[in-house]
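For reference, the structure discussed in these notes is given below.
Quick note: residue numbers are just sequence positions, from 1.
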Amino acid sequence: MTALQHVAVLMGGWSSEREVSLRSGAACAAALERKGYRVTRIDVQRDIATVLQNLKPDVALVMLHGKPGEDGTIQGVLETLGIPYSHSGVLSSSLAMRKDLAKTVMATAGVPVAEGLTLTRAEIAKAHVMVPPYVIKPVADGSSVGVFIVTEDQAHPPQELFRDDWPHGEELLVEKYIAGRELTCAVIKGEASDVIEIVPLLKFYDYEAKYSKGASKHVLPAPVLPFVYQEVRRLTLAAHGALGCRGVSRADFRYDDRIEGTGGLVCLEVNTQPGMTETSLVPELAGYAGVAFDELVQWMVEDASLDR
């Protein structure tokens, strides 16, 4: 890897997480320029294959959240064009993006997951399909977009499910609501990071809480018992490995500390394209371990490859 290497930073796209992706991409592009790389910022559109074929970058730093960057689609394009890229490969990206399938794989590897059902929007909208409280979420969206928490005092599922312009797909995941604390841990340079507790200052850790300054508080290191802390780190590595992830990933957990031992830990999902904005968790975890933002982004580029 040389300082003159040409890096295409892929950002934007057309998912519900477009704005966050643009922020992540801009931050990473600036970091690479500070490191001396030649950088081309690309707001990904449907002609991305042609754009990349003409540009011929040495490597692609994928900063696309949601589709098409997190579901294996862009990874397939890059494999076809022979352009080394960051983060997880085609299969692991696609698998992790499908929350229901990822849960099955993680459970087989001994990672605890929430009880759940995958049903159509019409089935879920008719009547409670699970005793409340439960959570409704898209099977393949990130950043808590389109998530509803259904409580005991709600007589019926959310009326938003009947919308003609419903944007989150016809298949949805219904999961038992897990009470307790929000914990997150990353895999960086092949090792589990420290653990953050996220304390939302809004109703829950939704899109607004994740990406608005002051909307949530991050407690690092998370104030949990040492054996719980280490179990989160162990499960993060186990989930990363079970899904075949590469590069940086981040696992999100709920922890019900009323349950003895580590029985209250549940892995909600693994993010193969975690955010890299000013409020994002991975840069914070890296910084706590002594890895500066620019160094982290440079490592992502140096780690890029094909056949991931």
Side-chain angles (χ1 to χ4, degrees), residues 15-17 65-73 88 91-152 154 156-163 165-180 182-184 198 200 203-210 235-236 239-240 242-245 249-256 264-274:
S15 82
S16 57
E17 301 172 75
H65 309 316
K67 299 178 181 180
E70 208 162 355
D71 64 349
T73 303
S88 294
L91 178 58
S92 58
S93 296
S94 178
L95 179 57
M97 189 70 172
R98 278 287 309 213
K99 295 183 180 73
D100 51 347
L101 302 180
K103 284 172 56 177
T104 300
V105 172
M106 290 192 293
T108 301
V111 178
V113 297
E115 173 190 341
L117 302 165
T118 304
L119 299 167
T120 66
R121 176 165 64 109
E123 290 171 318
I124 297 167
K126 288 178 186 175
H128 291 313
V129 295
M130 183 180 290
V131 177
Y134 60 86
V135 180
I136 302 170
K137 60 178 74 171
V139 294
D141 246 333
S143 291
S144 301
V145 172
V147 174
F148 298 91
I149 297 177
V150 181
T151 58
E152 294 95 328
Q154 292 179 241
H156 50 72
Q159 295 302 289
E160 289 92 338
L161 293 170
F162 290 104
R163 284 173 46 185
D165 60 344
W166 174 259
H168 304 299
E170 292 305 308
E171 268 194 311
L172 298 171
L173 180 60
V174 180
E175 287 182 339
K176 178 182 175 182
Y177 176 76
I178 307 298
E182 192 97 18
L183 304 176
T184 196
I198 303 155
K203 55 184 178 179
F204 78 107
Y205 193 53
D206 60 3
Y207 184 93
E208 184 179 356
K210 287 182 178 181
L235 291 173
T236 297
H240 180 94
L243 297 174
C245 298
S249 74
R250 195 191 79 237
D252 297 333
F253 295 83
R254 293 285 283 184
Y255 171 49
D256 188 343
L265 275 174
V266 170
C267 184
L268 298 178
E269 64 177 320
V270 171
N271 302 276
T272 58
Q273 291 285 335

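With a 4.5 Å cut-off on side-chain heavy atoms, V135 and V147 count as touching. At a threshold of 4.5 Å between non-hydrogen side-chain atoms, the residues L268 and F253 do not count as touching.
Looking at every heavy atom in both residues, A109 comes nearest to A242 through CB-CB, 3.6 Å. Between P157 and A125, the shortest heavy-atom contact is CG-O, 3.8 Å. Smallest separation of non-hydrogen atoms from K176 and A114: O-CB, 4.2 Å. When every heavy atom of P274 is checked against every heavy atom of H65, the shortest pair comes out as O-CE1, 3.6 Å. The heavy-atom pair separating V150 from P132 by the smallest distance is O-CB, 4.0 Å. Considering every non-hydrogen atom in both D256 and A179, the closest pair reads CB-O, 3.4 Å.
Atom-to-atom distance recorded for E17:CD and K67:NZ is 11.5 Å, nearest 0.5 angstrom. If you take SG on C245 and CG on N271, they are separated by 9.5 Å, rounding to the nearest 0.5 Å. Expressed to the nearest 0.5 Å, how far SG of C267 lies from CD1 of I178 amounts to 11.5 Å. For the atom pair CE of M97 and CG of L95, the computed distance is 12.0 Å after rounding to the nearest 0.5 Å.
Each salt bridge (charged side-chain N to carboxylate O under 4.0 Å, His left out) pair with one or both residues in residues 126-135, not counting sequence neighbours, would appear here, but there are none. Note on residues 104-114: no pairs pass salt bridge (charged side-chain N to carboxylate O under 4.0 Å, His left out), not counting sequence neighbours. The ring pair (Phe, Tyr, Trp, His ring centres under 6.0 Å) pairs that include a residue from residues 103-130 are H128-Y134, where partners are two or more places apart or lie in different chains. Counting only residues at least two apart or in different chains, salt bridge (charged side-chain N to carboxylate O under 4.0 Å, His left out) contacts with residues 101-117 comprise K103-E175. The list of ring pair (Phe, Tyr, Trp, His ring centres under 6.0 Å) pairs with a residue in residues 96-124, not counting sequence neighbours, is empty.
With sequence neighbours excluded, the residues that form a side-chain contact (heavy atoms from CB on, under 4.5 Å) with I124 are L119, I136, L161, L172, V174.
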Practice prompt. Test side-chain contact (heavy atoms from CB on, under 4.5 Å) on Y177 and R254 and set out the steps.
Written response: CA-CA 10 Å; Y177 176 76; R254 293 285 283 184; 3.0 Å; yes

Practice prompt. For S93 and E70, run side-chain contact (heavy atoms from CB on, under 4.5 Å): C-alpha distance rounded to whole Å, both residues' side-chain angles, the deciding distance at 0.1 Å, then the answer.
Written response: CA-CA 6 Å; S93 296; E70 208 162 355; 6.0 Å; no

Discussion item. Pair V270, H240 - check side-chain contact (heavy atoms from CB on, under 4.5 Å), show working.
Written reply: CA-CA 7 Å; V270 171; H240 180 94; 5.7 Å; no

Discussion item. Pair D252, T184 - check side chain to side chain donor-acceptor pair (under 3.5 Å), show working.
Written reply: CA-CA 5 Å; D252 297 333; T184 196; 2.7 Å; yes

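Using modelled atom types, one side-chain atom of E123 and one backbone atom of T120 make a donor-acceptor pair closer than 3.5 Å. Distance alone, capped at 3.5 Å, is enough to place a donor-acceptor pair between the D71 side chain and the T73 backbone. Between the side chain of T151 and the backbone N or O of P133 there is no donor-acceptor pair closer than 3.5 Å. D100 places no side-chain N or O within 3.5 Å of a backbone atom of T118 that could act as its donor or acceptor partner.
The only member of R98, E170, H168 that meets side-chain contact (heavy atoms from CB on, under 4.5 Å) when paired with V139 is R98.
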